[in-house]
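Convention: sequence-line order gives letters A, B, ...; per-chain numbering from 1. Values in this document were obtained by computation on a predicted structure and should not be read as measured data.
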Amino acid sequence: MSETRVRIAPSPTGDPHVGTGYIALFNYCLAKKDGGKFILRIEDTDQSRCSKESENMIFDSLRWLGLEWDEGPDIGGEYGPYRQSERLDIYKKYANELVEKGHAYQCFCSKERLDQIRKVQTSANRPTGYDGQCRRLSSEEAKSKIDNGEAHVIRMKIDRTDGAQTSFYDEIRKKDICYQNKEIDDQVILKGDGFPTYHLASVVDDYLMKITHVIRGEEWMTSTPKHILLYQYFGWDIPKFAHLSLLRNADKNKSKISKRKNPVSLTWFRACGYMPHVMINFFALMGYHAQDEEKFTIDTITKSFDFNNFGTSSPAFDFIKLNNLNGLYLREGSQEEFISYICQKDKDQADYLKSILAIIQERVDQDHPFQYWVETFFKRALVYSKEEFDAIKREPAEISKVLKDLAKYLEKLQVTNEQELKEAIMGFQEKSGFSSKQYMMTVRVSTLEKKYSLPLFESLWVIGKDGVTQRLKQAKDFLNQK
RNA sequence: GCUCCGGUCGUCUAGCGGUUCAGGACGCCGCCCUUUCACGGCGGUAACGUGGGUUCAAAUCCCAUUCGGAGUACCA
């Protein structure tokens, strides 16, 4: 039996996600249990969304949790590079190999045509997917188009022989999951910009990096047959697959946990004073069961690790339970541990505090002491009052509408500095239909709770775009319940 | 719509055909401790989605149905 090798393969877009920590934990524990290797691979194949800062935050967060990797972009390893953007030639080579073998083909269809196909399929209540137009192109035709400089991607050519199916065994569900090939789309594996899509990149890398177990979130289950097919087309051994159930929002809908409804960033949990071993214990409580006791550490999870111990239904991420756990650990720790916890927490928050202090220093007076200004920055649930909103001089319903639209608008935006955030918010005023004065007051009261508050954009930048969006929604909810 | 996955207290879960009118934890309620709050202790509340089978016996097996989730991108 070969050495166990597992990986966590996050995409460096935005803040490091709790789900990454959750999945990383179990990968890590399997590796440790088997005396194998835990690998960190950065999946930065989406040029438009990935950033270096995000990558660094992933490193920090994973280390904070105590999940140190054996091979990775920052420490190297035998099978590097571990950043997919540095492996482009490899993917290109394998994509071409598939074309030569007849398992993939060039596709020249425009975005517009693809959208059109999807639109027609959707409105006809038909399954969506590529219609296979370029599949019929001969290699000569394709070649001449390429020579003409026509833009193209490479798609998998799924074997659609009647009755053909693709299946895999899921270690957690303990059964074969089977798909009819005709249901599998001719997935793009190499994009127009020469970057691979996730599907190609992860299969190629998992193979080259000798990954033995793919432990990932359930959201990948439906694309697994594509991956299986890729392994088969290449003639490679297929690793074991285990799909962990998804963490869900605790509200009624129980959708996949998302930042729209909950804090999901590991940096947020850290800044809020949740301790890393508490997060670990909590993760283990979500769908893992190996003992009567609820206490879990990386060590006990490792020792008990078994795919039989995982639940198959998706748990809700319950903050009340998390808070309780954090308190439990805090209370039973030694005073030394408590002291270091407080110091650590303050250190994490020092920068935050510093940026707030910079704004409030010149404003503190007898009527408005330190606490008056600083309060709102440390609240998660804001406390609004109707009177503050009166200053806007518009109907609550109108204000609520603006808040909703603005939040939606901001959500989709990427901002990297205060100026951009300011421009984004200012830029929306015209769409709001409010006067500039009304609009600014709307933003102010919604985000800072009071009309008498700190310089707006400086404060908002400290709170951060996601925080601002959350606050706008809270304000909207407040107004709607009136 | 289509495909796949799932369904035990409000939440996380135990349960793998009889020992369970379903056990634990968090929450909630009550009592005790206590100058307050918290902690702690004690007690209570509350669940097998529905309908059919199989079986002497089903939360546990099978089928259907329903509800929930995921996927359905030149995002991961």
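- When all heavy atoms are compared, the tightest approach of A/Pro12 to A/Ile58 is CA-CD1, 3.8 Å.
- Between B/G6 and A/Lys175, a contact under 4.0 Å exists linking OP1 or OP2 to a side-chain N or O.
- Taking each heavy atom of A/Ala201 and A/Thr45 in turn, the nearest pair found is CB-CG2, 4.4 Å.
- Shown here, B/U19 forms no base pair; nothing in the strands shown gives a Watson-Crick or G-U wobble contact with both key distances under 3.5 Å.
- The partner of B/U35, taking Watson-Crick or G-U wobble pairs whose two distances both stay under 3.5 Å, does not exist in any strand shown.
- Remark on RNA chain B: of its neighbouring residues A/Lys256 and A/Glu183, the 5'-side contact belongs to A/Glu183, judged by nearest-heavy-atom nucleotide.
- Residue A/Lys191 places at least one side-chain N or O under 4.0 Å from the OP1 or OP2 atom of B/A76.
- Heavy-atom nearest nucleotides on RNA chain B were determined for A/Asp46 and for A/His289, and the one closer to the 5' end corresponds to A/His289.
- With a 3.5 Å ceiling on both atom-pair distances, the Watson-Crick or G-U wobble partner of B/U3 is B/A70.
- Within the 4.0 Å cut-off from OP1 or OP2 of B/C12, at least one side-chain nitrogen or oxygen of A/Lys254 is found.
- OP1 and OP2 of B/U72 both lie 4.0 Å or more from every side-chain N or O belonging to A/Arg118.
- Looking only at atom types and distance, the side chain of A/Tyr288 has a donor-acceptor partner in the side chain of A/Ser304 under 3.5 Å away.
- Across all strands shown, B/A64 forms a Watson-Crick or G-U wobble pair with B/U50, both key distances being under 3.5 Å.
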